[in-house]
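Just below is one structure, and these are the notes that go with it.
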Amino acid sequence: MNALNRWLQTLRRLPPALAAATPGLGPWLARRRWPRAQGTFQVEGLNGSVEIIRDTWGVPHIFAKDEHDLFFAQGYVHAQDRLWQLEFGRLVSNGLLASVLGPRVVPMDHLMRTLGLRRMAEKSLPSVTQESRTLLEAYAAGVNARIAREPLPLEFTILGHTPGKWTPVDTLVRGNMLALMLGGNYRLELLRARLVAEAGEEVAALLLPVHAPQTPLIVPKEARYPGLRGVKAMEGLDATDAVLGDPNIVSGSNNWVVHGQRTASGKPLLANDVHIGLGLPSQWYENGLHGGRFNHVGFSLPGVPMLVIGHNGQASWGMSNLGPDTQDFYVEKLDDPKSPKRYEYKGEWHDLEVLREEFPVRGGPPAATTIRSTRHGPLLNRVMSSLLGDSEPMALRWAHTDSRPLIDALLGLNLAKSWEEFRAACALWESPGQNFVYADVNGNVGYQSTGRIPIRAAGHQGTVPVPGWTGEYEWQGYIPFEDLPASLNPPAGYAATANNKITSDDYPYVIAHNWFPGYRARRITDLLAEGTKHTVEDMSRIQAETYSIPAELLRPYLLAVKPADDAQAQALKELAAWDLRFEVDRVGATLFQVWYIQVLRALLRHKLGPKLVERYLDSDYERHGSMHMPLVIDLMGKPEDPWWDDPKTSERETRDDVLRRALGEALRWLGEHHGQDPKGWAWGRVHTLTYQHSTLGGPASPGMLRRLVNTRTLPARGDNYSVDGASFLWSQPFKVVHGTALRMIVDLGDLSKSVAIHAPGQTEHLYHPHRDDLLELNHQLRYHPLLHTRQAVESHARNTLTLQPAAKRP
């Protein structure tokens with residue numbers, strides 16, 4: 001049971017939680033906290049009146065006379081619908097969660113304070129342009145006006161917490177947290193080092209391959225990581241995962257643009273579906289922004305002004321995670337491992353930078369953390385795991401600490417109306433590195449990668465921790481923006497990304513050694529290449545694709561297995577009839593996936609042993625979970641490869657032996673968990689999704705409360721490798737925890753045809769009609785119009801709230 005869930009057991013004794021879950025009383029209490037959506041308010045801080053028109057789907061479209069009022073109102077509506085989300089995110093990123101949740105999450109606060117997201121934001125604020133800073137201040141004033149003007153959501157009462165004032169620094173911290181969540185290469189380095197320590201370099205190289213031709217894994221002779229051997233618990237990382245979501249996910253975002261030469265209208269189409277952890281509320285928030293230079297519609301992030309993806313009436317943009325390697329562990333030499341004061345670098349001793357911080361802990365005395373840093377960054381051993389305290393001291397270098405805040409880049413993206421303006425904005429977007437796609441009403445489409453990406457010295461791959469004391473492994477600057485991959489109006493007539501490798505083998509720099517396999521990207525580009533008259537409907541069909549390229553490559557080997565009995569024969573018949581799509585009614589999809597997991601576990605046991613298998617499947621970074629699929633596909637063509645042989649048996653096993661045994665184990669697993677009748681094995685019966693409340697929806701909360709705060713459980717289509725992703729943990733099949741969080745399609749020929757959807761809904765408030773009203777629409781793969789003009793907004797208007805300046809006091 002994770003730290004957060006253990007703490008949540010105390011909710012059984014909290015009357016507010018039980019009152020909220022009581023029929024009759026709960027809805028009455030909740031309605032008193034709902035945001036005001038109709039009428040007129042007077043609030044301090046406005047220059048003039050602002051209209052907030054909420055449409056059929058709960059989307060607020062803000063109409064203001066100037067930009068100060070526009071972003072004041074955006075802060076206001078973000079806080080109306082997502083105030084607990086804003087506060088919870090702030091507590092997490094500032095290392096203050098224990099002040100609300102108590103001692104159980106102190107390890108997470110230690111880690112977050114050591115990483116220093118708040119310190120980075122405070123340091124970077126003076127570098128923000130005055131234009132952006134004015135916008136941040138207006139947004140913060142709007143958040144604070146809502147806090148002062150309307151009742152707090154029930155979560156604050158249940159948890160006994162009162163929010164502080166929002167500041168521009170809080171928004172910058174939000175950007176830092178985004179960079180941390182989309183970075184994470186340090187987790188992969190740590191996992192690879194653990195594999196090297198316990199299973200050897202050969203096994204580590206095969207399980208976590210370096211994506212470069214003929215490039216072996218390089219492990220420095222000075223570092224073999226004996227201190228990582230046998231480390232079974234990473235309480236700091238585990239506590240973080242319990243709150244932010246497990247990082248062991250395969251899926252990622254997709255985006256693409258299609259030139260007018262391949263569309264029915266002769267004008268571009270842009271599509272973006274963002275894959276991220278799925279919970280309640282959604283991490284995204286749909287907005288219309290109209291005032292000053294803004295005439296925008298799209299998706300924002302609560303806590304951040306403007307739009308992150310969308311269109312401005314002239315140009316549209318979308319993004320997916322590039323995933324550059326911007327983090328490295330350096331093994332340091334310290335003067336005293338237990339109480340260090342100095343570290344060695346190039347034969348000389350230097351004073352550690354030491355910072356001591358104290359933070360409150362609910363129900364206990366304040367906690368203190370001592371942060372020690374070298375020239376490379378903070379030492380993380382003790383905050384990742386108490387078992388690492390005396391092992392090789394590792395400092396984290398992260399390019400994000402040298403990167404500009406995102407807010408200036410975001411402003412440039414929102415205002416860009418040409419390719420040149422778009423690229424200028426992308427040049428400011430340094431972290432997290434992204435794949436941006438672009439399209440405009442003049443017919444241009446393009447792709448631009450972004451990021452502050454280190455250039456490493458020869459012999460330094462960035463794949464494992466390296467010696468920090470020698471000076472041999474220092475970064476040699478960053479890849480110039482002008483040299484990052486980009487394309488304007490590509491000859492193929494389209495450009496697409498899906499977290500795959502986006503460079504050719506002769507590209508002069510290394511962006512990353514580890515990418516997601518290109519299965520999603522291949523499927524998208526195959527479908528785009530098939531047509532020259534694409535429409536919005538075609539884009540929606542591609543976003544809904546559940547065809548499995550890995551299953552296409554692996555199924556022939558399974559079908560070659562000789563069945564041992566009638567049950568196996570029937571299972572193989574189902575697999576043969578399967579159309580290779582992970583739709584909710586497909587039994588073949590379930591049979592394939594359960595069989596694959598059994599094959600994978602067998603292969604891993606042969607090399608890692610049963611205990612390390614589970615740690616591999618549980619650990620330590622999202623990308624590693626996709627790397628075993630190419631390995632398994634490759635091994636299928638090598639039936640006598642030693643990987644197939646179990647060294648614990650006297651007989652030499654082959655591929656066919658393992659496949660035959662795995663089929664039997666798969667059927668036994670299905671029978672135990674889902675009954676003996678194959679009709680009960682449909683993919684949507686075993687592969688399910690529940691949007692779980694970010695704080696109160698875990699298994700340790702009372703069942704009555706969980707039923708209140710979580711959505712109903714839905715059958716989930718897609719899998720870890722399909723375009724329409726719905727990913728599960730390999731160690732815990734088949735509960736979906738990560739997948740398609742939003743879909744957007746923009747038609748630059750007729751913006752009124754543009755569509756979008758996200759789930760479960762716009763607001764976090766209990767019992768509110770817009771809390772999960774988009775759930776069924778999204779489940780049915782339907783969209784709503786992306787309303788842009790005032791006329792379109794008014795035709796779908798449901799409520800209008802007018803904010804007016806408060807009368808000046810005499």
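What you see below is based on every heavy atom in this structure, not just the backbone, and it leaves out hydrogens, waters and symmetry mates. This is a predicted model, so every value here is computed, not measured.
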Test side-chain contact (heavy atoms from CB on, under 4.5 Å) on L413 and C426 and set out the steps. CA-CA 7 Å; L413 287 171; C426 287; 4.1 Å; yes
Is the Lys NZ or Arg CZ of R790 less than 6.0 Å from the centre of F63's six-membered ring, within 45° of the axis?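 Verdict for F63: a cation-pi partner in R790.
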Cation over ring face, R149 and F41, 6.0 Å, 45°: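 Because its charged atom sits under 6.0 Å from the ring centre and within 45° of the axis, R149 does stack over F41.
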Tell me whether [X] is salt-bridged to [Y], with the criterion being a basic N under 4.0 Å from an acidic carboxylate O.
X: R743; Y: D724; value: yes
X: E155; Y: R33; value: no
X: D538; Y: R541; value: yes
X: E67; Y: R293; value: yes
X: D273; Y: R520; value: no

I want to know whether [X] and [Y] have ring centres closer than 6.0 Å.
X: Y494; Y: W256; answer: no
X: H788; Y: H311; answer: yes
X: H768; Y: W34; answer: yes

Where does the angle between the aromatic ring planes of Y76 and F72 fall among parallel (under 30°), tilted (30 to 60°) and perpendicular (over 60°)?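 Aromatic pair Y76/F72 classed parallel.
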Can you tell me how the ring of Y519 sits relative to the ring of Y721, calling it parallel under 30°, perpendicular over 60° and tilted otherwise?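 Geometry flag for Y721 against Y519: perpendicular rings.
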Starting at [atom1] of [X], measure out to [atom2] of [Y] and round the result to the nearest 0.5 Å.
X: L70; Y: N287; atom1: CG; atom2: CG; value: 9.0 Å
X: N414; Y: L289; atom1: CG; atom2: CG; value: 7.5 Å
X: Y447; Y: S487; atom1: OH; atom2: OG; value: 10.0 Å
X: N254; Y: E545; atom1: CG; atom2: CD; value: 11.0 Å
X: I453; Y: S431; atom1: CD1; atom2: OG; value: 10.0 Å
X: N442; Y: L748; atom1: CG; atom2: CG; value: 9.5 Å

If you define the side chain from C-beta out and look only at heavy atoms, does anything of [X] sit under 4.5 Å from [Y]?
X: S754; Y: V746; answer: yes
X: N94; Y: L117; answer: no
X: M306; Y: Y139; answer: no
X: T535; Y: K533; answer: no
X: D170; Y: R174; answer: no
X: F71; Y: T134; answer: no
X: V755; Y: L786; answer: no
X: L136; Y: L172; answer: yes

Side chain to side chain donor-acceptor pair (under 3.5 Å) evaluation trace for Q80 with R146: CA-CA 7 Å; Q80 277 192 310; R146 179 266 177 263; over 6 Å; no
How close do [X] and [Y] get, counting heavy atoms only, and between which atoms?
X: L83; Y: P153; value: CD2-CD, 4.0 Å
X: S316; Y: L270; value: O-CD1, 3.6 Å
X: R771; Y: E764; value: NE-O, 3.2 Å
X: E137; Y: P168; value: CG-CG, 3.9 Å
X: T497; Y: S320; value: OG1-OG, 2.7 Å
X: Q804; Y: S49; value: CG-CB, 4.0 Å

Expected output: side-chain [X] to main-chain [Y] donor-acceptor under 3.5 Å:
X: N312; Y: H296; result: no
X: R717; Y: A544; result: yes
X: N272; Y: M319; result: yes
X: N321; Y: L182; result: yes
X: R262; Y: A492; result: yes
X: D69; Y: G48; result: yes
X: N778; Y: I757; result: no
X: S449; Y: P485; result: yes
X: T56; Y: H796; result: yes
X: D66; Y: H68; result: yes

Consider ring-ring contact (aromatic ring centres under 6.0 Å, His included). Of F299, Y783, W284, Y691, which one does H758 pass it with?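 Going through the options one by one, the only one that passes is F299.
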Test side-chain contact (heavy atoms from CB on, under 4.5 Å) on D55 and V793 and set out the steps. CA-CA 7 Å; D55 64 23; V793 170; 5.5 Å; no
Run the side-chain contact (heavy atoms from CB on, under 4.5 Å) test on D747 and M539 for me, step by step, so that the C-alpha distance in whole Å, both residues' side-chain angles and the decisive distance to 0.1 Å come before the verdict. CA-CA 10 Å; D747 186 340; M539 301 301 97; over 6 Å; no
Chi angles and distances behind the side chain to side chain donor-acceptor pair (under 3.5 Å) call for S253, H275: CA-CA 5 Å; S253 303; H275 302 183; 5.7 Å; no
As a quick check of understanding, evaluate side chain to side chain donor-acceptor pair (under 3.5 Å) for S127 and S124, giving each step before the final call. CA-CA 5 Å; S127 69; S124 66; 5.1 Å; no
Side chain to side chain donor-acceptor pair (under 3.5 Å) for Y438 and N444? Distances and angles first, verdict last. CA-CA 8 Å; Y438 167 89; N444 296 303; 5.6 Å; no
For Q780, does the CD atom have more than 12 heavy-atom neighbours from other residues, nucleotides or ligands under 6.0 Å away?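 Yes, enclosed.
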Apply side-chain contact (heavy atoms from CB on, under 4.5 Å) to the pair W57 and H770, showing each step before the final yes or no. CA-CA 7 Å; W57 304 278; H770 290 304; 5.6 Å; no
